A.B. asks: 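Below: one structure in structure tokens.
If you're wondering where the values come from, they're calculated on a predicted model, not measured in any experiment.
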Amino acid sequence: MTINTPLQFWDFLVIAVYFAVTLCTGVFMGRFVKSSKDFFSGGKKVPWWMGAVSSYMAMISSFVFIAHAGVAYQDGLVAILVFWSTVFAVVAGSWIFAWRWQRVHVTTPMEYLERRYGSGVRQFISWCGIAFRVLDNMVRLYSLGLIASVLLGIPLSAGIWLGVAIVLTYTLTGGLWSVLVTDVIQCTILFTAAVAMLFMSLNAAGGLGALTQALPDHFNAFNGHRGSFIFLFAYYLIVFIKYNGNWAFIQRLESVPDERSAIKMGLLTALLLLLFPVVALLPAIAARHLLPGINPEEAYLTLCTKLLPPGALGLMVSAMLAATLSTLASEFNVTSSVFSKDIYQRLIRPQAEGREMLLVGRLGMVAVALLVAIGSQFVSALGGAFEANKLLMGLFGVPIVIPSVFGILWKRPNTAGVYACIIAGVAAGLVFNVAVKLPWEWATVWQVAACLLAYLACGWLCPTSAREQEGKDGIFRELEGR
């Protein structure tokens, strides 16, 4: 088989150095992992700035360069407005949720759910949550495979399996500390490469002014159907719910030493998310002017191959790989944490501890990675990265995380409300998206309304057991500092 790649020797050398540094860092950090607590939560010793960089890296991936860049290529600045939904989610979450997660001393969000609702809810959402994480990460791995396909000249499936192998290697060895330290390295690479690409693309387009004149509609922040109020409202709503119930984000909030550190971590994360799309998505708009008529999802990648010299292109490939590998490492780590502590230790081996839990966590991580790799090869059938992400996020993600997000705010909802929320939410999503075929934004708004109505109504109408009431009272006493 002949491999046709735009990469040259210096590009491959830069990529090889990047992989060597990343893998060596993971192996080195593995020396400091002595327990499952170190592996999954960093022993609550993580500096707030490091947690912020890692949280930021966990929220982006090559998905930005594929899906959001595709939106920028098609519609322009509205892609930045769509991306900024994460800024709103993190800022709101920092003030509303950061101190709350610090006061609830748990290793995984599932431990909180048991104290709040009971062991049945913990098990139910553990299984549902792992299933959704697999679906969610399929989109990220698909984006990574597409990058490999375009830039490395290998098949999509080969790129997917290569990415899984690399991310598992350094995440399995060092756990959360490996993810945190490599995230700092990868963030530096990502911003350096993205800024260089920004200046080169604007220069090729004749400057920002010339680009604005060539594509005036693209510089209207509300251009296209994604710029409509109802689409942005629906997208911001589900991103707020999803990110503030995201296991990886909660894990970072719990890994820093105190409440003040958690808030600072969240605000620095938001600042990075505010700046990055401006740097990363303007080149995709320039690509619309410089390379009209190409596949929108390949716009950023194709422009890189046209503008970047040997070595610099390798750095950009490394940056894209860094973004995705970081996100997948965080996701695999926290998902295996739930598998080992909330499923294996709870249902199979209650006496498991120490090295056994570390081994189970690592085996669980491999299993999750394999499922993601298999499923990611079918993302294109859902309409590509952006469409698949927003559909899966709304259809399954929102009903699963609402009990975590709002259960720490409102005392009244109970176990019956959790089950009603998930069942009503998934059912409403299927009805509105598949049967009735409403536009996605309207289907999503009505689905969220159905979730919240079921969740709150059962809290008022259905009885709460004495055990559950005791757990709720204890949680809210802790939240009130009593």
A.B. asks: So which heavy atom on C421 is nearest to which on I402, and how close?
C.D. replies: SG-CG2, 3.7 Å

A.B. asks: Do F88 and V239 come close enough that some side-chain heavy atom pair is under 4.5 Å?
C.D. replies: no

A.B. asks: Kindly say whether G425 contributes a backbone atom to a donor-acceptor pair with the side chain of Q447 at under 3.5 angstrom?
C.D. replies: yes

A.B. asks: What is the distance from atom CD1 of I80 to atom CZ of F83, rounded to the nearest 0.5 Å?
C.D. replies: 10.0 Å

A.B. asks: Using every non-hydrogen atom in the two residues, find where Y235 and S85 come nearest and quote the distance to one decimal.
C.D. replies: CE2-OG, 3.5 Å

A.B. asks: Please name the pair of heavy atoms, one in G314 and one in I15, separated by the smallest distance, quoted to 0.1 Å.
C.D. replies: O-CG1, 3.6 Å

A.B. asks: Over 60° means perpendicular and under 30° means parallel, so classify the ring planes of F231 and H225, tilted if in between.
C.D. replies: perpendicular

A.B. asks: Would you mind reporting whether L282 and L77 have side-chain heavy atoms less than 4.5 Å apart?
C.D. replies: yes

A.B. asks: Determine whether V71 and L281 satisfy the following criterion, side-chain contact (heavy atoms from CB on, under 4.5 Å), listing intermediate values before the conclusion.
C.D. replies: CA-CA 9 Å; V71 175; L281 297 181; over 6 Å; no

A.B. asks: For the residue pair S201 and L290, what are the closest heavy atoms and their distance?
C.D. replies: O-CD1, 4.2 Å

A.B. asks: Could you check L303 against M197 for side-chain contact (heavy atoms from CB on, under 4.5 Å), going step by step and ending with a plain yes or no?
C.D. replies: CA-CA 9 Å; L303 190 63; M197 185 61 192; 3.6 Å; yes

A.B. asks: I need the minimum non-hydrogen distance between G266 and S94, along with the two atoms involved.
C.D. replies: CA-OG, 3.0 Å

A.B. asks: Tell me, yes or no, whether the heavy-atom count around W99 atom CH2, taken from other residues, nucleotides or ligands under 6.0 Å, exceeds 12.
C.D. replies: yes

A.B. asks: How far does CZ of R260 sit from CD1 of I263, to the nearest 0.5 angstrom?
C.D. replies: 8.5 Å

A.B. asks: Do L438 and T444 come close enough that some side-chain heavy atom pair is under 4.5 Å?
C.D. replies: no

A.B. asks: Would the distance check show the side chain of H218 and the main-chain N or O of Y73 forming a donor-acceptor pair, the cut-off being under 3.5 Å?
C.D. replies: yes

A.B. asks: Would you say the side chain of R100 lies within less than 4.5 Å of the side chain of L409, judging by non-hydrogen atoms?
C.D. replies: yes

A.B. asks: Hey, does the side chain of D11 reach the backbone of G311 with a donor-acceptor pair shorter than 3.5 angstrom?
C.D. replies: yes

A.B. asks: Looking only at heavy atoms, which two atoms of A280 and Y300 are closest? And how far apart?
C.D. replies: O-CE1, 3.0 Å

A.B. asks: Begin from the C-alpha positions of R226 and L232 and carry the test side-chain contact (heavy atoms from CB on, under 4.5 Å) through to its verdict.
C.D. replies: CA-CA 7 Å; R226 297 183 185 93; L232 292 172; 5.9 Å; no

A.B. asks: Under 30°, 30 to 60°, or over 60°: which ring-plane class applies to F432 and W446, parallel, tilted or perpendicular?
C.D. replies: tilted

A.B. asks: Hey, what do you get for CD1 (I238) to OH (Y243), rounding to the nearest 0.5 Å?
C.D. replies: 10.0 Å

A.B. asks: In Å and rounded to the nearest 0.5 Å, what is the CG to OG1 distance from L274 to T269?
C.D. replies: 12.5 Å

A.B. asks: Please tell me whether E297 and Y142 have a donor and an acceptor in their side chains that are separated by less than 3.5 angstrom.
C.D. replies: yes

A.B. asks: Any donor-acceptor pair under 3.5 Å linking the side chain of R288 with the backbone of A284?
C.D. replies: no

A.B. asks: Is it the case that the side chain of Y112 and the backbone of I408 share a donor-acceptor pair, with hydrogens and angles ignored and the cut-off at 3.5 Å?
C.D. replies: yes

A.B. asks: With a 4.5 Å cut-off on side-chain heavy atoms, are W10 and L13 touching?
C.D. replies: yes

A.B. asks: Taking the side chain from T302 and the backbone from A299, do they hold a donor-acceptor pair closer than 3.5 Å?
C.D. replies: no

A.B. asks: Nearest 0.5 Å please: distance from the SG atom of C304 over to the CE atom of M200.
C.D. replies: 9.5 Å

A.B. asks: Are the side chains of W48 and D258 in touch, meaning some heavy atoms are under 4.5 Å apart?
C.D. replies: no

A.B. asks: Does the side chain of V405 come within less than 4.5 Å of K242's, by heavy atoms?
C.D. replies: no

A.B. asks: Do D75 side-chain atoms and V78 backbone N/O form a donor-acceptor pair below 3.5 Å?
C.D. replies: no

A.B. asks: For L208 and T212, run side-chain contact (heavy atoms from CB on, under 4.5 Å): C-alpha distance rounded to whole Å, both residues' side-chain angles, the deciding distance at 0.1 Å, then the answer.
C.D. replies: CA-CA 6 Å; L208 185 60; T212 304; 4.3 Å; yes

A.B. asks: For the atom pair CZ (F406) and CD1 (I241), what is the distance rounded to the nearest 0.5 Å?
C.D. replies: 5.0 Å

A.B. asks: Taking the six-membered ring for Trp and the single ring otherwise, decide whether the centroids of F276 and F191 are under 6.0 Å apart.
C.D. replies: yes

A.B. asks: Within the side chain of S376, is there an N or O that forms a donor-acceptor pair under 3.5 Å with the backbone of L141?
C.D. replies: no

A.B. asks: Are a donor atom and an acceptor atom from the side chains of W161 and S157 found within less than 3.5 Å of each other?
C.D. replies: no

A.B. asks: Checking the side chain of N244 only, and the main-chain atoms of V90 only, is there a donor and an acceptor separated by less than 3.5 Å?
C.D. replies: no

A.B. asks: Got Y236 and W84 here, is their nearest side-chain heavy-atom distance under 4.5 Å?
C.D. replies: yes

